[in-house]
Amino acid sequence: MSSLNRQVLRLAIPNLLASISVPLIGIADTAMIGHLPEVAYLGAVATASTIFDVMFWGAGFLRMGTTSLVAQYFGAGDRRSCIHTLYRALFIALILALALFLLRDLIAWAGFRLAGGSPEIQEWGKRYFEVRIYAVPLVMALLALNGFFLGTANAMVPMYITLVANLVNIGADYALIFGRWGAPEMGVVGAAWAAVLANVAALAVGGFFLCRKYGSYFRESLDNLFERGQLALVFRTNFHLLGRTSCLLAAQFAMLAMVSRMGEVALGANAIVWQIWALVSYGVDGFAFAAETLVGNRLGRRDFAAARAMARRILLWGSIIGALFGVFYSFALEVVARAFTSHLEVAQVILSLKFLIACIQPLNGVVFIFDGIFIGANDMKYLFKAMALALLGVFIPAALILVYWLDWGIQGAWLAYNCLMLGRFLTLLPRYRGDRWLRTFIARE
């Protein structure tokens, strides 16, 4: 095996295991709720979970921005800037968590109003939301911690954090949803408490490894922690990442809003398809996260040729992983669908989307790796522009035509989302072919 592949796999395999296990919290909730007697329960958890996805994925700039900055500082051998970046990220996480918690009633009102759904879905979804909101501060801190670990080329600790979180969540789901092991039978509300307990366990694991493995970093001076130029860099990085992520979440929330008005069966099917889709995105993200670290480390050392060679190799891995997922869904989607739900009508809708889900996966693999490369390069401004163009110039027109004009239902909605991924590819490819993404901020400093 070549040296490049060994370097990629050393980070990508732990990242892959951690990334694939991330959606297991949603998958466990969906699979167990999907076997409760009412289809409305499945739609309720799907709707509420999407609102949390908007919050957590929207705050994903904490993880990505921290990784981007720490990776280049780590490559340059600047431990002080690495730990300063973590302190700043944790401070931002605290402020953001406080704001979201104080605005929880407004967020719930707006989210459920936009998502739509039957009165029963709304009622159970709000009960789930009222409990899971307590996990927000924990998730914000975990995003900052994982960004720091990944930036220092430590993929093992995020893997441990995620595996512990999922083990706790699955066990608590089983106990609290169905009333097993002496726990009360809480149904949908039990799934929300399970998610909170999982994040408590995850943060405890992250804090333990931070103190154990990075104790020497805490001895670095706090001078210039709030230096103006560094704060401006953090602000620019996070602002552009927030804009990029907000555009992506706008498309995903628009999907939910469209499908929720197609009935409970379509909404339940859409919830399961999102979980299946997440397996692919998180699986490829294992390599995308490796790209963030490895490309960023090399740019921090100002080794531009090595950064491009690494980017090219990880793109190859991403396209292969995407193609493998596409083949798998072509032949096994029926088995996967029936594992998620015992409702035959929901499974039939999922199967009607098989071609749309399978054919786009190789392209998805490349797009997700492009994201990792440009995040590692701290080329956030272009990522924001490219995502905004794909949303406004491709996805929205496609959705208007396919869903509202041609009335193709859930198939039209997913075809429009495929068009979004195509638009992202067409805007990111020219940037990758050029050299502007190689202009590291370390060199400017």
Side-chain angles (χ1 to χ4, degrees), residues 58-100 137 139-154 157-158 206-207 209-211 213-246 289 292-304 307 372-385 436-445:
F61 65 84
L62 283 170
R63 204 282 305 158
M64 293 181 286
T66 304
T67 299
S68 175
L69 297 172
V70 171
Q72 295 198 29
Y73 286 133
F74 187 76
D78 188 352
R79 289 198 315 184
R80 182 181 173 187
S81 292
C82 288
I83 195 65
H84 280 194
T85 300
L86 175 60
Y87 291 148
R88 295 177 189 123
L90 288 172
F91 179 74
I92 294 171
L94 176 63
I95 298 300
L96 182 59
L98 180 62
L100 290 173
V139 174
M140 298 299 119
L142 282 167
L143 288 170
L145 282 177
N146 280 332
F148 175 79
F149 292 136
L150 290 173
T152 59
N154 187 341
V157 174
F209 281 107
L210 179 66
C211 295
K213 292 182 175 292
Y214 297 90
S216 62
Y217 281 61
F218 295 111
R219 292 193 288 271
E220 296 290 337
S221 170
L222 295 179
D223 291 345
N224 298 320
L225 178 60
F226 295 105
E227 191 270 327
R228 182 180 298 178
Q230 292 297 316
L231 289 177
L233 174 62
V234 171
F235 175 79
R236 288 195 303 271
T237 297
N238 290 331
F239 174 79
H240 291 130
L241 277 172
L242 176 61
R244 169 255 182 200
T245 305
S246 297
F289 291 174
E292 294 176 23
T293 302
L294 295 170
V295 170
N297 289 167
R298 281 149 184 77
L299 289 177
R301 295 197 298 267
R302 307 183 190 183
D303 191 345
F304 305 120
I373 292 169
F374 296 134
I375 289 171
N378 203 253
D379 196 11
M380 312 306 188
K381 186 175 182 180
Y382 186 82
L383 275 178
F384 179 18
K385 291 179 178 178
R436 294 192 66 181
W437 62 274
L438 295 168
R439 298 179 184 179
T440 169
F441 68 84
I442 295 290
R444 292 196 297 270
E445 290 179 352

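Remember, predicted model here, so these are calculated numbers, not experimental data. For the single chain, residues carry numbers from 1 onward in sequence order.
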Asks: Name all residues meeting the side-chain hydrogen bond (donor to acceptor under 3.5 Å, both in side chains) criterion together with R80; count only those two or more places apart in sequence or in a different chain, and write none if there are none.
Replies: none

Asks: Taking all non-hydrogen atoms of both residues into account, name the closest pair between A76 and G300 and its distance.
Replies: CB-O, 3.6 Å

Asks: Going by the rule ring pair (Phe, Tyr, Trp, His ring centres under 6.0 Å), which residues pair with F91 if we only count those two or more places apart in sequence or in a different chain?
Replies: none

Asks: Please lay out, stage by stage, how V157 and K213 fare under the test side-chain contact (heavy atoms from CB on, under 4.5 Å).
Replies: CA-CA 10 Å; V157 174; K213 292 182 175 292; 4.1 Å; yes

Asks: Nearest 0.5 Å please: distance from the CG atom of N146 over to the OG1 atom of T67.
Replies: 8.0 Å

Asks: Any sub-3.5 Å donor-acceptor pair from H84's side-chain atoms to Q230's backbone N or O?
Replies: no

Asks: Working to the nearest 0.5 Å, report the span between CE of M64 and CG of L143.
Replies: 9.0 Å

Asks: Does a salt bridge link R88 with E227, judged by any charged N lying under 4.0 Å from a carboxylate O?
Replies: no

Asks: To the nearest 0.5 Å, how far apart are OG in S68 and CG in N378?
Replies: 3.5 Å

Asks: Without hydrogens or angle criteria, can the side chains of T152 and N154 be said to hold a donor-acceptor pair below 3.5 Å?
Replies: no

Asks: If we only count heavy atoms from C-beta on, is the T237 to T66 side-chain gap below 4.5 Å?
Replies: no

Asks: Yes or no on side-chain contact (heavy atoms from CB on, under 4.5 Å) for C82 and E220, after CA distance, side-chain angles and deciding distance?
Replies: CA-CA 10 Å; C82 288; E220 296 290 337; over 6 Å; no

Asks: Counting C-beta onward and ignoring hydrogens, is there a side-chain heavy-atom pair between T85 and Y73 closer than 4.5 Å?
Replies: yes

Asks: I need the R436 CZ to L438 CG distance, nearest 0.5 Å.
Replies: 11.5 Å

Asks: For L210 and L145, what are the C-alpha separation, side-chain angles and deciding distance, and is it a side-chain contact (heavy atoms from CB on, under 4.5 Å)?
Replies: CA-CA 8 Å; L210 179 66; L145 282 177; 3.7 Å; yes

Asks: What orientation do Y382 and F374 show, parallel under 30°, tilted 30 to 60°, or perpendicular over 60°?
Replies: perpendicular

Asks: Would you compute the distance between atom CZ of R63 and atom CG of L142 and round it to the nearest 0.5 angstrom?
Replies: 13.0 Å

Asks: Checking T293 side chain against L150 main chain: does a donor-acceptor pair fall under 3.5 Å?
Replies: yes

Asks: Given Y214, which of F74, F149, F209 fulfils the ring pair (Phe, Tyr, Trp, His ring centres under 6.0 Å) condition?
Replies: F149

Asks: Is there a donor-acceptor pair under 3.5 Å between the side chain of N297 and the backbone N or O of A71?
Replies: yes

Asks: Given side-chain contact (heavy atoms from CB on, under 4.5 Å), test F218 with I83 step by step and report yes or no.
Replies: CA-CA 7 Å; F218 295 111; I83 195 65; 4.0 Å; yes

Asks: Could you give the distance from CG (L383) to CZ (R244), rounded to the nearest 0.5 Å?
Replies: 6.5 Å

